[in-house]
Amino acid sequence: MPAKPVGVGAPGSLEMLQEKVRELIRKKGWERLTEIQEKAIKPILEGHNVVIVAPTGYGKTEAALLPVLSKMLEERAEPVAALYITPLRALINDIYERINWWASQLGFVVARKHGDVPHSERARRLRKVPHILVTTPESLEIDLDWASKFRSYYRNLRWVIIDEVHEIVSTKRGVQLAILLERFRRLAGDFQLIMISATIGEPSITGRAFIGSSRRPLSIVSIDRRKELEILVDYVDAPSTTFWRRAAEKLLSRMEPLTLVFVNSKHVAERLHSEIEKMGIEGVVVHHASVFGEERRRIERMAKEGKLKMIIATKTLELGIDIGSVKRVILFRPAGRVSSLIQRLGRSGHTIGGKMKGIIIASDELELLEAIAEARLTLEGKVEVPEIPAKPLDMAARAVLGMALSGMYTVDEAYEVLSNVYYFRGLSREEFDELVKYLIENKMIKIGEDCRISAGSQFYRIWRFDAGDSRFSWWVHNFSEFFTTMGEKTTYIVKTTDGKTVGELDSDYVIRMLRIGHVIRLAGRNWQVINIDEHSSKVIVTETQGETTAVPFWKGQGPQASRLVLSEIEKVIQEVHGGSLRLPKGLMLSDDARRALERLMSEIKKYYYPAPSRDTIIVERLPEEIVYVTLAPEKVLRTLAYLVMMEAYRNSSEVYAKVSHYGFGLPVNALDFDPLEFLSGMDREEFMQRVWEAASRSPFFVEVAHNIQLVFGVTRRLRKSDKLVYEEAVRQTLQEYFDPESAWALLEGLRKGRVKVKVNQSRSSIYARLVARETPERPWIGSVEELIAETLRGMAFTAEELAEALSLPESLIEVKLRDMRKPTSEYRVFSFIDVDTGEQRWALVEDAETVARSEEFSSSFNPPMKDSLYMLLIKNDTGSLIHAIVRLNDVIEKPEQVVKQIPFNEVYELKVVPLTGYYEGQPPKYQHVPRSIVPYLVLNAATLIQKMQMNNPIF
DNA sequence: GACCTGCTGCGGCATG
């Protein structure tokens with residue numbers, strides 16, 4: 001898009017550019033450069049690494065490009081002299097054209113490369129090597145890892161420009177790119193790096209993420225446009241029955257073509273659009289990732305040609321794709337982050353001296369407060385600082401694999417690359433060596449005689465050249481997929497126990513919501529979930545006549561509020577509870593918003609409930625749930641809620657947690673302890689241990705593990721014994737979804753009295769009600785086996801009792817229990833006879849001693865006559881039979897002697913025959929018994945036999 | 001936990 005003159009800036013910097021470049025600027029018809037373009041010239045010409053910060057549409061591309069072209073002329077650049085990296089294919093095509101206009105007239109060749117560029121065009125770059133290449137991080141990785149010929153031209157690399165860097169700095173794509181840049185530095189030396197970003201906090205942190213071992217000074221160039229900004233906060237005032245209609249009317253009343261409406265979900269985009277369509281309005285379209293690509297391009301073209309009135313879009317239109325002149329931007333519901341709000345507002349065009357207006361529409365009272373908080377921060381120039389991932393080991397593994405493919409690195413050199421990358425700050429050589437060892441053991445890499453790393457056989461089993469569509473396992477991938485860090489979205493196949501396919505479910509829904517025992521409706525029938533296998537992405541069901549339990553469908557609440565937004569919300573709440581709200585210059589409220597605010601204030605006054613803050617925990621009893629209201633990031637409150645949930649889960653599998661940044665809630669019925677007492681009673685070590693356990697049992701862990709395990713070469717279900725990978729998956733789960741340190745600090749505050757507990761005796765507050773509306777989160781159960789093992793822990797149950805507790809068919813439980821006896825089972829069980837009732841009971845092998853000594857069951861392991869003799873008939877799985885004669889006293893006093901007499905680790909069948917007294921029944925029999933618990937079973941058999949003998953005294 | 005993004009190189013041979 002053409003950069004428009006703004007008429008500000010340091011006069012004279014233009015003169016610093018080469019005459020040929022200035023000539024082109026005149027040819028383009030620009031009288032002046034924009035402020036940001038002027039400002040960027042000097043630091044770039046001086047050879048600094050530079051972060052350019054400005055909103056979309058200010059000509060940032062040229063701000064970076066023109067000085068670089070000037071230097072390219074000056075230094076007679078050789079191909080490939082410059083790289084231009086952007087995260088979107090659509091942006092590449094846009095920018096390629098723009099760069100080409102300038103560069104070709106200066107005698108430089110420009111090329112582009114991404115997955116959609118036709119082969120003919122790709123092949124051209126070897127014959128006619130470009131001076132400037134425009135590409136994605138993924139395509140670049142392919143060049144470095146795999147394109148052995150073209151790679152050599154990168155020795156001439158002198159300039160790298162990264163566009164939209166705020167989009168990737170906090171993601172794994174950012175880690176990937178930072179590693180690639182460091183590899184380029186080994187190849188080409190200390191090139192100059194220019195990063196282009198939308199408004200973000202602390203741009204120097206973003207800079208640091210990518211500058212690696214570069215020794216050039218880092219400069220930040222930015223413009224401030226707060227004074228040009230006006231934000232109107234509006235409100236949809238309607239009962240739920242007419243909400244969508246009124247929301248659509250509201251949008252139309254605010255429309256000024258072209259208007260861009262940002263929503264937080266595809267569902268809402270479609271919902272609003274259908275309502276507008278019903279009203280007979282034309283020229284309004286929907287744009288999100290599930291809209292077919294061609295249709296999206298068509299919409300973008302029509303917008304550019306001025307043929308549309310309104311686009312309702314999700315994040316797809318947040319990035320700098322050119323859609324022409326946008327007159328107005330509306331956020332339907334707050335964005336949760338200031339950076340996102342600024343980025344969205346930045347999509348609207350601007351005129352010299354004119355104010356830029358944005359509108360945020362809230363749909364309930366608390367959203368209204370959030371919208372005000374976000375608007376206030378924006379107008380005050382505050383914005384989130386991006387978070388930089390720390391030491392993601394899967395990315396380290398991926399980097400090693402990439403370097404292995406290139407065949408150019410020794411282990412020492414690979415470590416040197418990573419140790420220069422900011423994302424791997426603190427990665428010790430020991431940790432790295434452990435990783436390399438693991439990768440070698442798993443045959444992902446091998447080390448040659450020349451000490452260089454190359455890819456191993458397991459790597460090529462996973463990423464195949466010929467995978468095509470014939471994927472028979474979830475872990476088989478096409479070779480090209482190795483180069484992207486994004487996990488794929490999968491669906492779960494729903495099958496019956498006899499293998500018939502019923503349908504499919506979205507993996508998000510399965511992992512977050514669906515649990516064993518639930519009844520779902522699919523293809524017009526009711527099905528009970530028997531097993532969920534996240535490894536093979538299958539849900540096993542059986543048809544049931546039972547009613548559908550109310551399994552709610554996915555209804556996310558939208559994006560999470562950032563810590564910055566949250567602390568501003570706290571201030572807004574305090575002010576509202578105090579009866580007066582501060583509105584800075586540039587922030588306006590619509591009449592509807594004003595009325596809603598007054599209503600909220602009068603409700604607060606009438607019921608007089610306490611204001612939530614980060615220093616109070618307000619306990620509120622709702623009919624079903626107990627809610628703890630406090631203000632903290634969702635991750636912090638999830639940490640506390642999960643600790644309580646996992647503790648309650650010991651007694652009730654019906655437990656769940658509801659989490660929002662206003663507090664957390666738990667079902668009253670599932671709690672037989674006081675959560676706050678429980679939480680504040682732990683020491684730090686126990687707390688951290690429990691958080692670790694809770695994270696590993698959360699649905700989030702399943703997703704993280706699934707996404708990272710392959711680069712370590714683990715293709716089967718991840719187990720605890722895969723220590724390195726398992727622990728990394730827990731660590732990343734904790735980092736992304738939990739916040740143990742802040743949660744611990746909150747508990748410390750509670751203990752020391754800084755955080756006060758209050759009980760809301762009045763009507764439940766608007767905050768507690770919001771928490772109660774959240775979707776429940778539940779512990780993840782990987783399989784029925786795991787579920788049974790969890791239930792059995794420390795106890796012994798009959799199959800019938802288990803079936804009752806788990807609400808699953810008894811026949812299924814019996815089949816599973818018989819399986820779980822076997823040595824191959826992850827959770828090993830055994831059975832014994834409950835001598836008091838005659839029933840067969842099951843327990844975990846690891847609990848054998850506990851159960852045998854427990855108050856409830858010791859009578860089944862305690863034969864009255866301890867000097868009697870018994871013969872043990874012991875078979876192993878090959879049919880070898882041995883027998884041994886034991887005296888009960890010895891079994892009780894020296895069980896290890898008995899164990900030693902058995903020559904097999906695994907007993908296939910154990911029979912116990914009495915040698916003392918008359919016994920006419922079948923000898924008790926046990927199958928699949930590990931040698932170590934034989935003594936307990938001998939005692940159980942003897943107790944049973946003696947009881948029968950006493951009941952039938954024959955002499 | 002809402003949304004979004006990405007994806008073989010190279011040489012040799014046949015054909016028009």
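Chain A is the first sequence line, chain B the second, and so forth, proteins listed ahead of strands; every chain is numbered from 1.
For the pair Lys172(A) and dT5(B), the criterion of a side-chain N or O lying under 4.0 Å from OP1 or OP2 is not met. For dC4(B), neither phosphate oxygen OP1 nor OP2 lies less than 4.0 angstrom from any side-chain nitrogen or oxygen of Arg173(A). Contact between the side-chain N/O atoms of Thr136(A) and the OP1/OP2 oxygens of dC7(B) is found at a separation under 4.0 Å. Proximity of Arg89(A) to the phosphate of dT5(B): no side-chain N or O atom is located under 4.0 Å from OP1 or OP2.
Protein atom CG of Asn707(A) is 14 Å distant from nucleotide atom C1' of dG6(B), rounded to whole Å. Rounding to whole angstrom units, CG of residue Asp506(A) and P of dG1(B) are separated by 14 Å. To the nearest angstrom, C1' of dT8(B) lies 12 Å from CZ of Phe482(A). Regarding Arg778(A), its CZ atom lies at a distance of 17 Å from the C1' atom of dG1(B), rounded to whole Å. A straight line from NE2 of His267(A) to P of dC3(B) spans 10 Å, rounded to a whole angstrom. His288(A) places its NE2 atom 11 Å from the P atom of dT5(B), with the value rounded to the nearest Å. Distance, Leu180(A) CG to dG6(B) P: 16 Å, rounded to whole Å. Atom CD of Gln343(A) and atom P of dC3(B) are 18 Å apart (whole Å).
Arg296(A) comes within 4.0 angstrom of the backbone, heavy atoms only, and of no base. Note on Glu736(A): a base of the nucleic acid sits closer than 4.0 angstrom, heavy atoms only. Contacts of Arg344(A) with the nucleic acid, taken as non-hydrogen atoms under 4.0 Å apart, are absent. Note on Phe700(A): only backbone sugar-phosphate atoms sit closer than 4.0 angstrom, heavy atoms only; bases stay farther off. Glu164(A) comes within 4.0 angstrom of nothing in the nucleic acid, heavy atoms only.
Panel note: side chain Arg122(A), backbone Gly115(A); a donor-acceptor pair is recorded below 3.5 Å.
A donor atom on one side chain and an acceptor atom on the other are not found under 3.5 Å apart for Gln732(A) and Asn707(A). Residues Gln458(A) and Arg461(A) bring a donor and an acceptor atom of their side chains to less than 3.5 Å of each other. A donor-acceptor pair shorter than 3.5 Å can be found between the side chains of Thr316(A) and His287(A).
Rounded to the nearest 0.5 Å, atoms CG (Leu319(A)) and CD (Glu167(A)) are 4.5 Å apart.
The side chain of Met486(A) sits closest to dT5(B) out of dG1(B), dC3(B), dT5(B). Each of dG1(B), dG6(B), dT8(B) was ranked by its minimum atom distance to the side chain of Glu138(A); first place goes to dG6(B). For Ala289(A), counting side-chain heavy atoms from C-beta on, the closest listed nucleotide (dC7(B), dC4(B), dC3(B)) is dC4(B).
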Nucleotides 9-16 of chain B: which of its N/O atoms have a protein N/O under 3.5 Å away?
from: dG9(B); atom 1: OP1; to: Lys113(A); atom 2: NZ; distance (Å): 3.2
from: dG9(B); atom 1: OP2; to: Arg122(A); atom 2: NH1; distance (Å): 3.3
from: dC10(B); atom 1: OP1; to: Lys149(A); atom 2: N; distance (Å): 2.7
from: dC10(B); atom 1: OP1; to: Phe150(A); atom 2: N; distance (Å): 2.8
from: dG11(B); atom 1: OP1; to: Lys149(A); atom 2: NZ; distance (Å): 2.9

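Positionally, the nearest nucleotide of DNA chain B for Thr316(A) lies more toward the 5' end than for the other of Thr316(A) and Phe479(A).
Geometrically, Arg398(A) engages Phe482(A) in a cation-pi contact defined by less than 6.0 Å to the ring centre and at most 45° from the axis.
Residues Glu318(A) and Arg347(A) are not paired through a salt bridge, judged by the lack of any N-O separation under 4.0 Å between the basic side chain and the carboxylate.
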Exercise. ring-ring contact (aromatic ring centres under 6.0 Å, His included) between Phe479(A) and Trp146(A): does it pass, once the steps are laid out?
Worked result: CA-CA 11 Å; Phe479(A) 179 68; Trp146(A) 193 242; 4.7 Å; yes

